Every structure is written in C-alpha cells, then in structure tokens.
Colleague: 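My questions all concern the structure below.
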Protein chains: 2
Amino acid sequence: MYKERVRNAALWDRVSSAEDAAKLIKDGMTVGMSGFTRAGEAKAVPMALAERARTDPLKITLITGASLGNDLDKTLAEAHVLSRRMPFQVDPALRRAINNGEVMFVDQHLSETVELLRTRQIGPVDVAVIEAVAITEQGGIVPTTSVGNSASFAILAEKVIVEINLSQSDQLEGIHDIYIPSHRPMRTPIPVVTPESRVGLPFIPIDPDKIAAIVITEKLDSSSTVLPPDDETRGIAGHLCDFLQNEVKRGRLTNSLQPLQAGIGTIANAVMHGLLDTPFHNLKMYSEVLQDSTFDLFDAGKLDFASGSSITLSKEKYDDVFPRLSDYKSRLILRPQEVSNHPEVVRRLGIIGINTALEFDLYGNVNSTHVGGTHMMNGIGGSGDFARNGYMSIFVTKSTAKGGLVSSVVPMVSHVDHNEHDVDILVTECGLADLRGLAPRERAELVIAHCVHPTFRDQLRDYYQRALARGGHTPHVMEEAFAWHTRLAQTGSMLED
Amino acid sequence: MYKERVRNAALWDRVSSAEDAAKLIKDGMTVGMSGFTRAGEAKAVPMALAERARTDPLKITLITGASLGNDLDKTLAEAHVLSRRMPFQVDPALRRAINNGEVMFVDQHLSETVELLRTRQIGPVDVAVIEAVAITEQGGIVPTTSVGNSASFAILAEKVIVEINLSQSDQLEGIHDIYIPSHRPMRTPIPVVTPESRVGLPFIPIDPDKIAAIVITEKLDSSSTVLPPDDETRGIAGHLCDFLQNEVKRGRLTNSLQPLQAGIGTIANAVMHGLLDTPFHNLKMYSEVLQDSTFDLFDAGKLDFASGSSITLSKEKYDDVFPRLSDYKSRLILRPQEVSNHPEVVRRLGIIGINTALEFDLYGNVNSTHVGGTHMMNGIGGSGDFARNGYMSIFVTKSTAKGGLVSSVVPMVSHVDHNEHDVDILVTECGLADLRGLAPRERAELVIAHCVHPTFRDQLRDYYQRALARGGHTPHVMEEAFAWHTRLAQTGSMLED
Ligand SMILES: CC(C)(COP(=O)(O)OP(=O)(O)OC[C@H]1O[C@@H](n2cnc3c(N)ncnc32)[C@H](O)[C@@H]1OP(=O)(O)O)[C@@H](O)C(=O)NCCC(=O)NCCS
Ligand SMILES: CC(C)(COP(=O)(O)OP(=O)(O)OC[C@H]1O[C@@H](n2cnc3c(N)ncnc32)[C@H](O)[C@@H]1OP(=O)(O)O)[C@@H](O)C(=O)NCCC(=O)NCCS
C-alpha cells in the first residue's frame, strides 16, 4: 500500500522501522519535527526515541512548528529526552519540566524560528522528521494536516526521515502551498496578495538523496481539546460582533471585514462561531490553525476562503469533514507558518487578529503566557506576529478565572507579551474597550467601565485613583502593582477582604 | 525669491502670512505637521498658532512624524494648545504636560500612525502643515530634511498649508522617494528590495487645489543635541563591534554586515561612530534618522548608501555637509517613515537594529520609555518596528544612570516596550550578552555575568538566586520585583545598604 504513496521507487529501499530510523538521531543533536497545533506531527520516530532513551539515555534539542498531539511532548519530557525545546508547546508534563528548569524552553514568535535557522543564528538542524501523505516522483514531500516549519526543516537538515501516514487522507495532496523566502540580500517580495494566493509548490522540494529513512505509520492526529461555547464565551463573541457591525456602520469596514486570524483555544473558537449569527458574508481567514469554527462558517456559507498552517478538529468534526475534504479543497490552503504569520503578508492583507489573553491590565498590556508572572503556560505562539503587524489587534479573555477568585483584568500584568502599542480592542464577557487612539489614562477608564468583572471593579478603580494621585503618563503605585498576584499566591484569591 | 521655489505660478496668490494661514486651524481640529527627529518641521504656522492661543484659546490634536525642533513642542505645550499629541516627542515641557495628564499622548510605533489614519481608525486630519523646499510645476510638494508622515498627511488632509523654507538647501530636491502603499484589499508588495531602491516620486503628489496657503520662512532646523562619544559609549561600541566581527568570523555575516538601523540619541550615534575603527566595509544603512555618524562613515569610505526618513546633524556637521550636499546625494534617500520602518521591508532586508534602552532586566525585557515605570520620557518611536521584524535586535545602554545610583539592569523592568522575544543582544559598557536561542534562566546568567555594573552585581545575583528557589520558566520574587525602583523613589538610590 505504501508504494502508491512513495511514488519515487528509488526510495522504497529506505523504508525502515521507527526504531531503526530513530537511530539516526544521536545524543546532543538538534531535531526539527513536523507538527503544528496537534496536527501532522511525526508520530512513530519520536515514540521510538523515547522508548530507546529508557535504556540508552540521550538529550536533544527539539524544534517543531508548534504544539504536538498524541502526548508526544509528554512522552518525550517524561523520558527526559528534551534538553531544549522551541518554539511552542501545550503539554502539562512538559510544562512542569520547563517550569522546574529541566527543559530549556525558547518561546518564539512563530514566524521567526526558521528565519533564525536559515541565518544560522540558531541550529543547525541535524535531522528532520516529517509526516507526509506522499513522496512525489521527484522526491518532493507532501505534508499532512499541518505545514508548520516542516519545509524549512527538511530543506535545512542534513538528513530527513519521512513518516508516511497511511491514515492521513490522500486528498490532502494539493492543499499545501510551499513558498520559502529566498536568502538575503537577494530576497524579493512574497507574492501573497490575498488569502487565496498560491505562490509555491504543493510539496516540499528536497534532494531525495537526503531522505535517509521512510517509516510507515497509521496513527491519527489527536482531536482538538477545544470546549464548546458557553455563556461567557458567547458573551465575548456577542460584544465583538456588535463592535464589528458598528465599524461597518461607520464605514470603516465592509460586511466582509478584513481577513481574520483567530488564536488557539476555546475562546477564540467560540468567537469565530459567533460570526455565524451576524450579517457578515464573504469572509476570509488568513490564520494559523483552522478549527471547527472554520468549517462551520464554510457550511453556513459565511466564509469564502481559509488559509492556515494546520487543521485541528474535534473528533465529530473530523469525521464529518475529512471524508468529504475534496468539497472544501478549492477553498483551503495550508502554508508554512513563516508565510501564514509573516509580518510582510500580515500587514499587506490587513489582518484582524483575535487572540486570547491570560490577563490584561488597566492600560491594555497583555499577558498570554506566564501564570503569576513566572510559570509558563504554552508560549506566545503567533499572537505577536499578528498583534504587532495587522490591521487591528483584538484580545479576548473571560474576566475571571478559577471560579471567580482570579481577575483576568489586573492593575499591572505580571508578564508582558503584548504591550499597549499592540493592543487595540479588549473584550471580556462584561464588555468591550476600544482603545484605539487613546492615551493610557483614557484606556484605564474604559477598561474599568467595560472589561473588569463587577466583583473586582471597585478594587481596580481604587488602585487607579491612588495611582493617578502620583501622576505620570501611565500611573501606577509601583510597590502595589503586583499586590493582587501576591495575595492570590498567599490566600488563593485576588479579592481584598 | 520664493517664485523660483513655487514653480506653479497659479499658486502665487496663496502666499500669506503665518498668522493668516494659522487661521485655517480651528479649535478641536486634528492637524498633521511635518517634522521628524527635529528635522524639517513646519516652523512658522505652529508658532503663530501658539501666539494666537494667548488671546484666543484653542486646543488641537497634533500628529507629526516624530519629534519637533525649534522648541515647538515646548511653545505649543506652554500655550496649552495641545489636547492630544502623537506619535513621539522629546521635549521636557511637553513631557511635563503629558506626565501631569494635561496632554493625552498616544505613543505609537512610527510605522503605524498613517496606517491608522488611512483606515480611519484615528483622525481624520483636517489640516496638514508641511515644510517644503519647493512646489513643482504640477503642485507636488518637495519636503526638506525629513519626510516623516508628511506625504500621507498632505494626501489625507482636507487642506494643506505649505511652508516654503528658503534656508533649506534646494539641493534636497531629488533626495526624497515618496511611495505610499495602496488601499487594501488591492495592496501590492512594496518594491523596496535594497536600501537604494527608488520606488516612488521625488515629491508628494497632491491636487494643488488643496493647497490653501503658502507661508515663506527662513528659520533653520535645530541642531542635534547628541553628545560626543565618551568612555562608556566607546566601551559599548567596542563590545558590539567585537561581537559583530566574531559573527563574521563564524561565517554568519560578511564584512558588509546587514543594513543597519540606529536609534536616536547619544549612545546610538556613538555606536555608529565605533564602526569607523573596524574592518567592516561597503556598509549600508536603512534607518530612520541619519545623524553625524552617517556622514563620518561616508567620509571614511565605510558606508555605501544610507536610507532614512530625516537628517539631523550637529551645528558643525551641518555646516560641513549641507554646502556640499550634492556630493552625497547619489548615496542618500529620504523616505516616508511608513516605508523606512515598514515591517515588510525591515524583514525582507534583514535589518540589524540598534536601539537604546532606559533599562533592561534579567531576562532581556527592555524599557525604552517610562522612567520609574510611570513617567514618559520620549516614546517608543520606531524601535519596535525594527526590534520585532529585523534580522537582529540589539539594545544598548550605559549600565548605570544618575551618577551610578540607578542601575539600568534591574530584576524586572518597570515597563515593557520590547519583550524577551524581540531582544537578541544586550550591551552595556561592562560587556555584551548574546541571548539568541536561550531560555530565560540562561539569559539571566549572561546578563549578570556581562551587563550589570559591578556595584549592582551581587544584589542582582541575590535576587535571581531567591527567584530561582521559587521556580518557574521566568523566575521572579513578585513582591520584590520593583523593590529597586521603590528604593530609588524613597532614598534616591537603587543600592541596598
Ligand atoms: C491564553 C491561553 C492559554 C488561553 O487558552 P483558552 O483555552 O482559550 O482559555 P481558558 O480560559 O480555557 O484558559 C486556559 C487555562 O488558563 C487558566 N487561566 C485563564 N486566565 C488565567 C489567569 N488570569 N490567571 C491564571 N490562570 C488563568 C484557566 O483557568 C485555564 O486553566 P486550566 O487549564 O487549569 O483550566 C491560550 O490562548 C494561549 O496559549 N495563548 C498564547 C498563544 C497564542 O495566542 N497563540 C495564538 C496563535 S498560535
Ligand atoms: C532611551 C533614550 C531616552 C536614551 O537616550 P540617550 O540620549 O541615548 O541616552 P542617555 O543615556 O543620555 O539618557 C537620556 C536620559 O535618560 C536618563 N536615564 C538613562 N537610564 C535611565 C534609567 N535606567 N532610569 C532613569 N533614567 C535613566 C539619563 O540619565 C538621561 O537623563 P537626563 O536627560 O536627565 O540626563 C532614547 O534612546 C529613546 O527615547 N529611545 C526610545 C525611542 C527609540 O528607541 N527610538 C529609536 C528609533 S526612533
């Protein structure tokens, strides 16, 4: 069966077991693996590596597109295989190893990793491990449900291991658009001028001699862990949709808006669902991960086109969408994350970026990554690529966490991923603050009026009043700026008694 | 004399006094004025406006390219003419008005202001006031020593006032390259592929009917306030040049490096001077402001080409350069700041950005704007455009300020303008930390070893050790994170006793 998928017959003799292929990876190496938002990760070789580490300990630097499914990061972390990991992850076991200092985690803007590799500021990549649906006659690699950084890993690595996954739909072939920016100083503009621009090849072009091993697998991608919309996320979506409709009324946007990017997770997915009940039409997405909501918007006739770097669906949605993928194919492109997130394209197309905050503050600074200012959650991901360079940067969050004991709207964020300059619109289920063109003192008034949960409103206003009395462009009571976080650590609640 | 400069004779009858022209500006209006890093600002009309406000109070929103010379921001602030100001300033009197809440200051990435105006997310601009060396036969406006946001102001404003400055060299004509990105969704790539790419017009193309008044002026630009290199700034330059030479040795850069951007101020200018004593050659700049060092590098045969948005020189350098501007003209371009700072071009060309920090922290977060976390200094300027999107982001600062009582290397910065993701290299006169590809705990070790001043080293290490004991990806003792800043406010020194 795999011979239909490995169309270059000269490569058939490279088919080997995952264990044998994994032997190409040696202690101390840097390995680039496919995988982006739990989609399209290499599945067999990393497992074999973890298995081998039980008897033959080794440490590697693992670089991926973004997060991995199938508990791979957990398995690798628990096998103590990871000395260094970049640029993103979402796994609780790996998170623990990062936060206790065992794994050095390098949290990067998703558009930047391969740029750093290409210029040899990090790396080099010794071995790339890429999941594929097929290898073409010329030896080109056809990725599966994600592109991520796979193309550059394969191009830059000395050796490439390909995992041909027979369970991944062969309908995926033709969906990918592999464009790699040229080396400087001869680099030319990236010719993407709309989300549907096809500017590259449908496979990763590499010298087939670099393919050192081919492993045949069958394991499916993990399903998305996104939860269905609830009252609060529906509230957030409602405020945001009202705001966007008002922008249309004021003549700033049309009913097709601008190309949309939506971050990972439950809240962003719920916000996209909210668009189902709006008058918007002929929408386009230029995003990273395409979640359930993308296909619901297609089915509802709201969405014309979606460009992303991966497809990550719930079990139900997967079973619905994949058998009829050909119905969607002309409306989908999967690109390298360097292109899906590229500052050049994000600014040119004028993306509306919708990302999720863990917490934000009076002045609109956003923390997306560090719980309590110190402990890594997932990473900044692509949020900074979009928030800095797009047309409009929106951050959403529930106003409270942990049963209402934690306010996600605080005097000063305990870690800054996106500063005031990169944050235009803030939304919680309580309301929306439009911060565009406003100075910090004006921003604070809106955040207090519209975003903070009523239980924390007086407390926040009190802080702000005392800060104002001290003056400054961005007033703060510095010695109290993190008092809410300190109180939480000591008492389990941010509430004053 | 002005008739040679106003080459469209139909406009001669619009010549008027500054007072009369200023009457076009009414209370509540938004005014876009030329001026970038104290170069090429409109000089007469704003003065007339301030004068009028003595007897006829009015308030405006003033948008410029960046900072203004000739004490204009001081005069306007003291006349209480400014209700709102964006996107940058450097004036002590205006700073006071901003910090006491009288003027609402909107501190923006310099590439973004006109994008927000064009999409009507801020504005509209009622009147533009643009300094020019000439108006062409067709009514095109030829700017003077800066382009800044002038082109978009003139294009977007309802009425345009042109100040023809007879003291500005007519040799400036031909130096500008005015390219304006088209409206979305039809926007195409910006065709700049090297610093010397000329892609636009040598004047600002507008309908001459919009020119409502022409004012003839003679006042010179203010001289730069940059101080000459001292031992510390020479030390910073030395560390940085050694580092860059090592990058060449490792084969990552050639001796022509990558196009250079250098921020405003004394330290950045000194660093550029440091390049005089290196083996580097055929350098290019793709920067914002071209300072004395640019011309010293030209004269030394080190620099091939410089693209910027303004020229700001010391008195001596001005008297040397401007009489023979034609010698430099083929090696200079002045562009709109939207293009000089554009994420698309900055990423494509692969700029090495060198900007100045007020303070940075253990993990490489940088504060460029807020003294003590609350009081605005100047603004973020273009530093974020380059730090986020370039090839390499370098931040420099002296390790201490205020006679050694203030450490510019702190446990946690009191305000974040550039976070860890956007900061590759940190330099003080003590040494250099290369943070590329490192996790926060590794970054902290280098910052302590190489950047902090010896007087503060033990204190910083002690903080870090205690933070480490609490764990986390980015360890902190949250309730002490700003203890150094609080101590400074209370005792006048960050030093523990
Ligand atoms: C911020 C982020 C973690 C939110 O994820 P989400 O699934 O939408 O949001 P949830 O509200 O379910 O929160 C996730 C967890 O954070 C916790 N949390 C939320 N706000 C918090 C706060 N202010 N303080 C502490 N914990 C908080 C929640 O309680 C929940 O914890 P649990 O997993 O133990 O239940 C996620 O969007 C993210 O990692 N973002 C950064 C990367 C990014 O933006 N990528 C986009 C492009 S790749
Ligand atoms: C950060 C910045 C203010 C430094 O300017 P500079 O002239 O090179 O540096 P200096 O060391 O002379 O410092 C300027 C002032 O800040 C003070 N300062 C420096 N570090 C400080 C610190 N850690 N805490 C408090 N004050 C500090 C200095 O004492 C000096 O004060 P003074 O004017 O009262 O003497 C300036 O570069 C800036 O505004 N940067 C932000 C914008 C930017 O980067 N633009 C680049 C592209 S436009």
Side-chain angles (χ1 to χ4, degrees), chain A residues 98-101 104-109 116 119-122 184-185 187-191 193-194 252 258 342-344 347-350 365 370 372-376 380 384 388-389 391 414-417 419 421 436-439 441-442 470-476 478-479 481-482 485-486, chain B residues 98-101 104-109 116 119-122 184-185 187-191 193-194 252 258 342-344 347-350 365 370 372-376 380 384 388-389 391 414-417 419 421 436-439 441-442 470-476 478-479 481-482 485-486:
Chain A
I98 289 167
N99 284 319
N100 72 24
M104 295 292 105
F105 177 55
V106 187
D107 171 23
Q108 287 170 328
H109 298 301
L116 292 168
T119 53
R120 289 176 291 159
Q121 297 187 82
I122 59 173
R184 300 174 182 125
R187 188 175 292 181
T188 49
I190 298 176
V193 294
T194 91
R252 291 180 179 152
Q258 290 285 123
H342 202 288
E344 170 172 344
R347 179 69 67 96
R348 182 181 303 140
L349 300 188
N365 300 285
H370 281 68
T374 55
H375 282 63
M376 175 53 61
I380 193 166
R388 174 66 55 88
N389 297 311
Y391 163 88
S414 57
H415 179 89
V416 178
D417 291 294
N419 63 32
H421 309 285
R436 292 174 297 173
L438 299 184
R441 291 172 185 226
E442 298 168 306
R470 295 202 181 175
H473 177 60
T474 303
H476 270 298
M478 293 303 287
E479 68 276 20
F482 299 138
H485 298 88
T486 308
Chain B
I98 288 167
N99 285 319
N100 71 25
M104 293 295 104
F105 177 55
V106 187
D107 173 21
Q108 287 169 328
H109 298 303
L116 292 169
T119 52
R120 289 176 292 158
Q121 296 187 83
I122 58 173
R184 301 176 182 123
R187 191 176 289 181
T188 50
I190 298 176
V193 294
T194 92
R252 290 181 181 153
Q258 289 285 122
H342 202 287
E344 169 173 345
R347 178 69 66 96
R348 181 181 304 140
L349 300 187
N365 300 286
H370 281 68
T374 54
H375 282 63
M376 175 53 60
I380 195 167
R388 173 67 55 90
N389 297 310
Y391 164 89
S414 57
H415 178 92
V416 178
D417 291 294
N419 63 32
H421 310 284
R436 291 174 297 174
L438 299 184
R441 290 171 185 228
E442 298 169 304
R470 295 202 181 176
H473 177 61
T474 303
H476 270 298
M478 292 303 287
E479 68 277 20
F482 298 139
H485 298 88
T486 308

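None of these values were measured; they are calculated from a predicted model. Protein chains get the first letters and strands the later ones, always in sequence-line order, with residue 1 at the start of each.
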Colleague: Do you know which of B:Thr119, B:Thr188, B:Thr486, B:Ile190 has the most heavy-atom pairs under 4.5 Å to chain A?
Modeller: B:Thr119

Colleague: Under a 4.5 Å heavy-atom cut-off, does chain A meet the side chain of B:Gln121, its backbone, both or neither?
Modeller: both

Colleague: Any chance you could measure A:Phe105, atom CZ, to B:Leu438, atom CG, to the nearest 0.5 Å?
Modeller: 14.0 Å

Colleague: Name the option with the most non-hydrogen atom pairs under 4.5 Å to chain B; the candidates are A:Arg252, A:His342, A:Gln258.
Modeller: A:Arg252

Colleague: Which bit of A:Leu349 comes within less than 4.5 Å of chain B, counting heavy atoms only: side chain, backbone, both or neither?
Modeller: backbone

Colleague: If you measure from NE2 on B:His485 to CD on A:Glu479, what distance do you get to the nearest 0.5 Å?
Modeller: 12.5 Å

Colleague: Short question: side chain of A:Arg388, backbone of B:Gly384 - any donor-acceptor pair under 3.5 Å?
Modeller: yes

Colleague: Taking all heavy atoms of B:Pro189 and all of A:Val193, pick out the closest pair and write down the distance.
Modeller: CD-CG1, 3.8 Å

Colleague: So for B:Asp107, is it side chain, backbone, both, or neither that comes closer than 4.5 Å to the heavy atoms of chain A?
Modeller: both

Colleague: Rounded to the nearest 0.5 Å, what's the gap from NE2 on A:His109 to NE2 on B:His421? Could you check?
Modeller: 5.5 Å

Colleague: Among B:His370, B:His415, B:His375, find the residue that satisfies the side-chain hydrogen bond (donor to acceptor under 3.5 Å, both in side chains) test when tested with A:Thr474.
Modeller: B:His370

Colleague: What part of A:Phe482 lies closer than 4.5 angstrom to a heavy atom of chain B: side chain, backbone, both or neither?
Modeller: side chain

Colleague: Can you tell me how far apart CG (B:Asn419) and CD1 (A:Ile380) are? Round to the nearest 0.5 Å.
Modeller: 5.0 Å

Colleague: Quick check for you: among B:Arg348, B:Arg470, B:His476, which has the greatest number of heavy-atom pairs under 4.5 Å with chain A?
Modeller: B:Arg348

Colleague: With a 4.5 angstrom heavy-atom cut-off, could you sort out which part of A:Arg441 is near chain B: side chain, backbone, both or neither?
Modeller: side chain

Colleague: Top residue by heavy-atom pair count (under 4.5 Å) with chain B, among A:Ala481, A:Ala439, A:Pro475?
Modeller: A:Ala439

Colleague: Chain B heavy atoms under 4.5 Å from A:Thr194: which part of the residue, side chain, backbone, both or neither?
Modeller: neither

Colleague: Using a cut-off of under 4.5 Å on heavy-atom pairs, state which of B:Pro343, B:Gly101, B:Pro191 scores highest against chain A.
Modeller: B:Pro343

Colleague: Which residue out of B:Arg436, B:Arg120, B:Arg347 racks up the most heavy-atom pairs below 4.5 Å with chain A?
Modeller: B:Arg347

Colleague: If you round to the nearest 0.5 Å, how far is CE of A:Met478 from OG1 of B:Thr374?
Modeller: 7.0 Å

Colleague: Would you mind checking which part of B:Arg184 comes under 4.5 Å of any heavy atom in chain A, side chain (CB onward), backbone (N, CA, C, O), both or neither?
Modeller: side chain

Colleague: Return the option, out of A:Met376, A:Glu442, A:Gln108, with the maximum number of heavy-atom pairs under 4.5 Å with chain B.
Modeller: A:Glu442

